[in-house]
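To start, the structure under review is shown below, and the notes come after it.
So you know, we letter chains A, B, ... as the sequences are listed, proteins then strands, and number each from 1. In this text the structure is predicted, and so the values were computed from the model without any measurement.
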Amino acid sequence: MSDLNRKEEAKEKESLNFIEQIIEEDIRNGKHGGRVHTRFPPEPNGYLHIGHAKAICLNFEIAQKYGGKTNLRFDDTNPTTEETEYVENIKRDIRWLGFDWDDREYYASDYFEQLYEFAVKLISKGLAYVDDSTPGEIAEMKGTPTVPGKESPYRNRSIEENLSLFRGMRAGDFPDGSKVLRAKVDMASSNMHMRDPIMYRIKRDHHHRTGDEWIIYPMYDFAHGQSDSIEKITHSLCSLEFIHHRPLYDWFIEKLEIFPSRQIEFARMNVSYMITSKRRLLKLVKEGYVSGWDDPRMPTISGMRRRGFPPAAIRTFCDKAGIAKRDNLIEISLLEFCVRDELNRTAPRVMAVLNPLKVVITNYPEGKVEHMEVENNPEDESMGTRTMPFSRELYIEREDFMEDPPKKYFRMGPGRDVRLKAGYILRCEGFEKDPATGEVAEVRCTYYPDSKSGEDTSGIKAKGTLHWVSVAHALEAEVRLYDRLFADPQPDNHEDKDYLEFFNEDSLQVVEKAYIEPSLAQAKPGDTFQFLRLGYFSADPDSTEQKPVFNRTVTLKDTWAKMQGR
RNA sequence: AGACCCAUGGUGUAAUGGUAGCACUCCGGAUUUUGGUUCCGUCAGUCUAGGUUCGAGUCCUAGUGGGUCUACCA
């Protein structure tokens, strides 16, 4: 290897994103003894989606890279919206993605007592006060970005009075919403979050973990950073919209004199043709546009799992999408590439016919059955082979036959030779039409007995190769063909149009009666396959003994279709 | 309007003052018992104007464009 190459390689290895640069600088400076500790902090009020997957990968992988750890912490400070059911689903999704938080499963609600003490400390330092103003008054006094806010008339209560009032808030002396605890920062700050932010509100609501123990709950700004600090998180990664919160994050840490976690903001990932707004996703579910949170068209982790996306592909996708601070729109084709790339290596090949056309091989003996050997994956010999029954009557794909095909069409047509994958070369001798519909009803062929796959001595070269199943042996299955949920790359980015206007009515097509090869009888929900020449498919949990159901994960690249489109 | 953040091919992301690279997409070719895979190739980029410097994508200033912030949500 030349010096130049060596240099190039070293250079490549050193290519870091801006967060890694910060971390490596911290390590060089011996900050926190070189320790790296991150956290993934979901609020248990909804399902995880592709955007969360990005944050999960980022937090877990960056800690892993620097020999650190990642905590799972539920940010459960709002009892009204949060439920245990979400906690369980979130945990399952993260595990499925391939990450493990060991025993470090934390809840902001575990810190309620500590947080209360922190608040008392701030009050004692004259840095927080109880405000009796109404929500309207508080908003009014807050000012606007260009107009400074006004100080609350309650801002200068004595420390003793504040202490007593705050104790009273906790004790239940006051009705919901009648008082709040506010930090005494700066009502004239150009940063709205510094204009005496609310730290605690009174809210009599049953909490999924603490039950009715508390009636005051901390706000995000007085819970998140403090939880980071309690857990001694070194690098607290969050999305860009929290950038204005950082001065406050730092202010609390400084005034409380607690562990100095550092917040670093990155641009959240947007993916074309997908939306991640919880509210909008919920509407799709509630109004029946999709079958549920795990509908295979949903950008949720559970949806992608049911669709058949391998977790490794999602991880690769998040890695390849990169990390920076500018707004981005990742093309969904990158996701599809990662899914195909993974499945190409791992998914066994099988044959299925979605739109059947019967082929009769007139010179093949009636009643004869041959068991043809087929490789399970040409990319990977170790995946072995299986056999497929071959007989006189077969189904092929209707699209694989044309009455009067053009020259570049490599499939079946009158007078043409075509190969059946792992079978024989067929010559098309003619076809019959349904007199009622005018549709081709059956194709008649002869086969070349010396052209059997693996022992072909015929010397005939057929340009095309078709997939097939034996009529007598094929199983029936339901196949669900999925396409993108929306017809627009950014459905929620139109000022004049609602995202639902872009709902893709063709995003689900159901093939009630497809024919699949017999080996698929063993498929279990979640198993992924390549249906030869059609795409990647995953067995759905709706499958029954009588009727397996398959979801199309993604199509194969199709240069022929592309040529025709032109 | 104010503060803050951001600006590199169609998309995403590198280059850390010294030859603008990689991936996806697109297009073309080779191979192929999947019109898949694989392999090779083409096209294509530093927002604008000044300044600092031997040298600027990188540093400074201004402009332009985009984004964020004004919940008792997180």
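Shown here are the salt bridge (charged side-chain N to carboxylate O under 4.0 Å, His left out) partners of A/Glu265, two or more places apart in sequence or in another chain: A/Arg246. For A/Tyr447, the ring-ring contact (aromatic ring centres under 6.0 Å, His included) partners are A/Tyr364, A/Tyr424, not counting sequence neighbours. Residues that satisfy the ring-ring contact (aromatic ring centres under 6.0 Å, His included) test with A/Tyr515, not counting sequence neighbours, are A/Tyr395. For A/Thr134, the side-chain contact (heavy atoms from CB on, under 4.5 Å) partners two or more places apart in sequence, or in a different chain, are A/Glu137. A/Phe242 is linked by a ring-ring contact (aromatic ring centres under 6.0 Å, His included) to A/Tyr220, A/His245, counting only residues two or more places apart in sequence or in another chain. Taking the ring-ring contact (aromatic ring centres under 6.0 Å, His included) definition, one finds that A/His52 meets it with A/His49, sequence neighbours left out. Residues passing the side chain to side chain donor-acceptor pair (under 3.5 Å) test with A/Thr387: none are found, sequence neighbours excluded.
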Can you run through RNA chain B from 5' to 3' and write each base as (, ), [, ], | or . depending on how it pairs? Watson-Crick or G-U wobble, both distances under 3.5 Å.
.((((((..((((....[..))))..((((.......)))).....(((((..]....))))))))))).....

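Using a 4.0 Å heavy-atom criterion, one finds that A/Tyr409 contacts the bases of the nucleic acid, with or without backbone contacts as well. Base contact: A/Lys421 has a heavy atom under 4.0 Å from a base atom.
Here B/U13 presents its C1' atom at 15 Å from CG of A/Asn270, a figure rounded to the nearest Å. Per the geometry, CZ belonging to A/Phe266 stands 13 Å off P belonging to B/U13, to the nearest Å. Rounded to a whole Å, the NZ atom of A/Lys452 is 19 Å from the P atom of B/U33.
The side-chain ring of A/Tyr220 is not stacked on the base of B/A74, judged by centre separation under 5.5 angstrom and plane angle under 30 degrees.
A donor and an acceptor atom never sit less than 3.5 Å apart when one is taken from the side chain of A/Thr465 and the other from the base of B/U34. One can find a donor-acceptor pair under 3.5 Å joining the base of B/U33 and the side-chain atoms of A/Arg419.
Residues from residues 38-51 of chain A lying near RNA chain B, meaning a heavy-atom separation below 4.0 Å, are A/Glu43 in numerical order. Of the residues in residues 192-207 of chain A, those with a non-hydrogen atom less than 4.0 angstrom from any atom of RNA chain B are A/Met192, A/His193, A/Ile198, A/Arg201, A/Lys203.
Side chains of A/Asp456 and A/Tyr448: no donor on one and acceptor on the other come within 3.5 Å. Residues A/Glu43 and A/Asn45 have side chains that bring a donor and an acceptor to within less than 3.5 angstrom of each other. Between the side chains of A/Tyr536 and A/Glu342, no donor N or O sits under 3.5 Å from an acceptor N or O.
Taking atom P in both B/C22 and B/A62, one finds a spacing of 36 Å when rounded to whole Å. With C1' as the reference atom, B/C60 and B/U68 are 25 Å apart, rounded to whole Å.
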Please enumerate all protein N or O atoms sitting under 3.5 Å from an N or O of nucleotides 3-12 of chain B, with distances to 0.1 Å.
unit_1 : atom_1 : unit_2   : atom_2 : d
B/A3   : O2'    : A/Ser190 : OG     : 3.4
B/U8   : OP2    : A/Arg326 : NH1    : 3.2
B/U8   : O4     : A/Arg326 : NH2    : 3.1
B/G10  : N2     : A/Glu331 : OE1    : 3.0
B/U11  : O4'    : A/Glu331 : OE2    : 3.0
B/U11  : O3'    : A/Leu329 : O      : 3.3
B/U11  : O2'    : A/Leu329 : O      : 2.9
B/G12  : OP1    : A/Leu329 : N      : 3.1
B/G12  : O2'    : A/Ala321 : O      : 2.5

What pairs of nitrogen or oxygen atoms, one from the protein and one from nucleotides 38-47 of chain B, lie under 3.5 Å apart?
none

